[in-house]
Amino acid sequence: MGASPSPTFKNCSSSLSFLFVFLIVFGSSAFDFATSAEEAAALLLWKTGLQDPHARLASWQHPSKATGPCTWFAISCNGAMSVTKINLTKSGLQGTLDGFSFSLFPNLEYFDLSVNSIFGAIPSQISQPSKLVHLDLSANNLNGSIPSSFGNLTNLTYLNLCRNFLNSSIPLEIGNLSNLVELYLNTNNLTGSFPPTFVDLKRLRFLYMYENMLVGSIPLEIGNLISLSHLSLYSNNLSGPIPESLCDLMNLTVLELYRNNLSGPIPENIGNMKSLVVLNIMENKLSGPIPISIGDLSRLEVLYIRDNLLSGSIPEVMGDLMNLVVFRVARNNFTGHLPQNICKSGRLNNFTANGNRLSGRMPESLRNCTTLYRVRLDGNQFTGNISEDFGVYPNLDYINLSDNKFYGEISHKWGKSLQLTDFEIAGNNITGSIPPEIGNLTQLGLLNLSSNHLVGKIPVELGRLTSMVKLILNDNQLSGGIPQELGSLTELEYLDLSANNLSQSIPSSIGDFAKLHHLNLSKNKLSHGIPIQLGMLLQLSVLDLSHNILAGEIPTEFSSLLSLVTLNLSHNNLSGVIPSTFDDLHGLEFVDISNNQLCGRIPNNKALQEAPVEALQGNNCLCGNATGLLPCNNSLREKKHKSRTGSKVVHIILPSVVGAIVIACGIYITLLRRNKCEQTEEGDMQPKEFELRTISIFDGKLFYEEIIKATEDFDDAYCIGRGGFGSVYKAKLPLDNLVAVKKLHTPSDGEWSTRKELLNEVKILTEIRHRNIVKLYGFCSHSQHSFLVYEYFERGSLFSILDNDEEAKKLDWSKRLNIIKGVAHGLSYMHSNVSPPIVHRDISSKNILLDDEYEACISDFGTAKLLESNSSNWTAVAGTFGYVAPEFAYTLKVTEKCDVYSFGVLALEVIQGKHPSNLIGSLLSPVIREGKMLGDLLDDRIAPPTDIVLVELTTVFKLAVACLHENPRFRPTMYDISQIISLEISDIEKGQVER
């Protein structure tokens, strides 16, 4: 029997075991607490460098030993109290990543800082948490390069750096991320070529690199990415062919390569990608035919191949695509006939083939395709009887058949397409009359039947088309008079009835077209006098009444047409003198009054005095300071006429004196600049005391006294608003003219900035004329008071209406869409029609005024800036919080895209009924961005929109989202927005508006 162990040895063994367990358990806990404490301290240190306007990080306080930072907002931990997840998305944080100690977070797996205002560079230390699986820094203001150290994060499955300002090439090391499933680098300023190492990312399913500046070709090895389901490389500068290997991606459902410089043919074996649902390769330089194998894409719903150099015929196999909803082949070189079974599926919704050389008659399947929503076939060589080759389309919103060879008469059946907003068949061989059933299309905004062989009268039923914006019937053989009923088209902005056989007088109801800016009645047989009601068309910029048999004098009421740019009254029987009130038409650029019986002195108008001799010849006895005219003599006849017309001038109300005011504004600015130069030369940098100057046909002092009297020396009882630079007062002048008077704050000694605001606003408003921009009636600068006088807006600002529940209920969806449209037109004019362009810099709902018809007008130009081409356009911060473009806050560079961003905010505000501060942060969500939840975002104080209005709202919503792009390079221009809203608001597929 062996000896048993001694009791002493057994106790020692037990003690050692206990000590070992104690060290493992409690030693480990002590280590974990130290790690947790370090992580908490690191987070608190980073917090000190952040701005947290919403106090989201209020819970980040000194932690307890029991919980560490694990109970803090946005923080998650593992069982050992070590941080594993930080999710600070949409928290409104501002700051940098420089103070974040990534090395102190060894267990971090999930880091989301998306949709904030984090700026600066991405530190290379970001790769030190080697366990990271999910990293999202999207929708911030990060710049600089993508660190090559990202290649060390080999556990990453999700990496999102999109919607920043990163501007380097993509590092090759990203090819080391073999576990990556989703990679989003889109919407930056990335340069260089497509990294060849990407072909090693075998697990990658989502690859988004669109909206960058990538160059070079798509690598041949891209076919190795066998797991890809979404590939978006659009809006880059990629060139070369589409690789054949791309067709090996059998799991690909979305392929977007549009807006690049790709060339060569569409790959022959494209039909191998049988999972494709969306194929968008438009706006490249692709050539050759559409491959026959495209008929194998049985799941295809959306096909964009427009704006390329493709040729040949559209293959018949397109009819085999039973899921096709959108098919766009516009602006290529296609020939031949349309496929007979183009709408065999019965799902085709959007079909555009305009701008090709297609011919033949319409396929029967298209004739019976009741699902059609948008159709463009214009600019081809199609033939056939238009009354037989088209059916009834209950869902049709837009159709353009212009510039083809269709013949026959317009069928009354078109009157059953009750959703139509745009109907164009110009430039064909259409005969017969305009069917009165067209008057049933009450949604119609554009009707263009020009350049055909139409006869008969203009149907009075067209007067029912109260949504009409453009009516174009020129170059036909229409006869009879212009129906008085057309006066009910109060939304009309463009009217062209020229080159017909219209007779009788111009109806007085033409004065009801309050929004009209283009009127052409030339080349007809219109007689009698020019109706004085034309003077009521205050928005008119083009007026052509030439080549008629109009008689009588030119109405003095033309003095109210302050927006007029082009005036053609030639080849009529007009007599008398040209009214001296033409002096007021300072926006006039082109005038043709030739071949009339006009006489006397031409007014002091630049357009008349600089007109070519051909524009003045063929009159009786015109004289004055212009080429081809003799100097004037003070004849008795001229004196008599002046005495006869002078009494009329006395009775012209305030809008009629705007021109004279504008002249004085220009003189005033010139004199002020001269004074300033003189003072600089003398060494005195302070401005001289402003003097009161004559600003209208009234005496300057009298005008000043009228303002003081009307406001009782700017008593608070007349104050209707206050701003940063002054207060606005309501004043009633003689003849019951209501005006708004903006009185600037009295500057303190030595302060020149307020005076500069006055000068800036005067300078801007004397150079622009637009129906959606507030009109300046006059100004005064005096040692006691400095003020500007504007047209008065009864309804006040858009902000005040949206802020009042009862007033907001009166603002229905039609009015709201019109407000957005008006602001877009005004900004487009400022950016595109003025040289140098003008940036407002403070577009907000408080600076949008509404008249009694809820027409929008942009006001308050005190912070506006002229974009001189030889200037850096850097400036101090300006604008209203919540509307300022994000890049302006740290670059201080003024561009038109600053206004575009503000317009996007404003449009969302009109849709929501309140400032969209909470919505802007969530626009990364595809559901929100694509307008799929728009119904939940609409202002619920008014009745829900009809289906057709909801379509328009969706388009406006998507435009607004595009305006809020963090990268200003990818925001649309205001010109584009204005055109889209006016002409193609109904194009809703994927937010792409065909232009």
Side-chain angles (χ1 to χ4, degrees), residues 650-662 664-665 668-669 672 689-748 751 753-766 773-801 803-804 807 842 846-852 857-863:
V650 174
H651 297 290
I652 296 173
I653 60 173
L654 186 59
S656 302
V657 305
V658 174
I661 294 172
V662 171
C665 292
Y668 175 78
I669 292 170
L672 180 67
E689 178 80 351
F690 278 25
E691 295 180 4
L692 190 64
R693 300 183 183 277
T694 300
I695 58 177
S696 69
I697 62 173
F698 300 118
D699 177 72
K701 184 177 180 182
L702 177 61
F703 186 83
Y704 175 85
E705 290 172 353
E706 289 289 354
I707 293 292
I708 298 299
K709 180 181 178 182
T711 60
E712 295 184 27
D713 201 14
F714 296 106
D715 189 275
D716 283 348
Y718 296 89
C719 185
I720 56 176
R722 301 185 188 277
F725 296 104
S727 300
V728 181
Y729 297 79
K730 179 180 178 181
K732 189 174 183 179
L733 298 181
L735 301 179
D736 291 329
N737 287 302
L738 281 175
V739 296
V741 182
K742 179 180 178 182
K743 176 180 175 291
L744 276 74
H745 296 318
T746 303
S748 56
E751 182 181 339
S753 61
T754 304
R755 302 289 194 190
K756 287 172 65 179
E757 295 300 330
L758 167 67
L759 285 180
N760 196 45
E761 190 146 0
V762 169
K763 184 177 189 299
I764 297 296
L765 288 175
T766 56
I773 297 174
V774 69
K775 292 181 180 67
L776 175 68
Y777 287 159
F779 74 94
C780 177
S781 190
H782 187 263
S783 58
Q784 186 176 0
H785 297 303
S786 295
F787 55 79
L788 301 99
V789 183
Y790 300 99
E791 62 183 322
Y792 178 74
F793 287 82
E794 188 69 40
R795 298 193 184 278
S797 72
L798 174 61
F799 173 82
S800 64
I801 291 179
D803 196 46
N804 183 309
E807 290 298 320
D842 195 13
K846 291 184 178 180
N847 289 334
I848 304 301
L849 304 178
L850 303 180
D851 65 14
D852 55 353
C857 241
I858 302 169
S859 70
D860 204 339
F861 285 75
T863 60

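Values reported hereafter were calculated over all heavy atoms of this structure, with side chains retained and with hydrogens, waters and symmetry mates removed.
Under the rule for a side chain to side chain donor-acceptor pair (under 3.5 Å), the partners of S800 that lie at least two apart in sequence or sit in another chain are S797. Residues meeting the side-chain contact (heavy atoms from CB on, under 4.5 Å) test with A710, sequence neighbours left out: A731, L733. Applying the side chain to side chain donor-acceptor pair (under 3.5 Å) rule to D713 yields the partners H785; only residues at least two apart in sequence or on another chain are considered. The side-chain contact (heavy atoms from CB on, under 4.5 Å) check on K730 picks up I720, L738, Y792, E794, with sequence neighbours excluded. Looking at residues two or more places apart in sequence or on another chain, you find no ring-ring contact (aromatic ring centres under 6.0 Å, His included) involving Y718. Under the side-chain contact (heavy atoms from CB on, under 4.5 Å) criterion, D803 pairs with F799, not counting sequence neighbours.
No close placement of the Y729 and F787 rings is indicated, their centers lying 6.0 Å or farther apart.
I848 places a side-chain heavy atom less than 4.5 Å from the side chain of I858. The shortest side-chain heavy-atom distance between C857 and F793 falls under the 4.5 Å cut-off.
A donor-acceptor pair is defined here as one N or O able to donate and one able to accept, closer than 3.5 Å; no such pair exists between the side chain of D842 and the backbone of N847.
Listed here is the closest heavy atom pair of I707 and V789: CD1-CG2, 4.1 Å.
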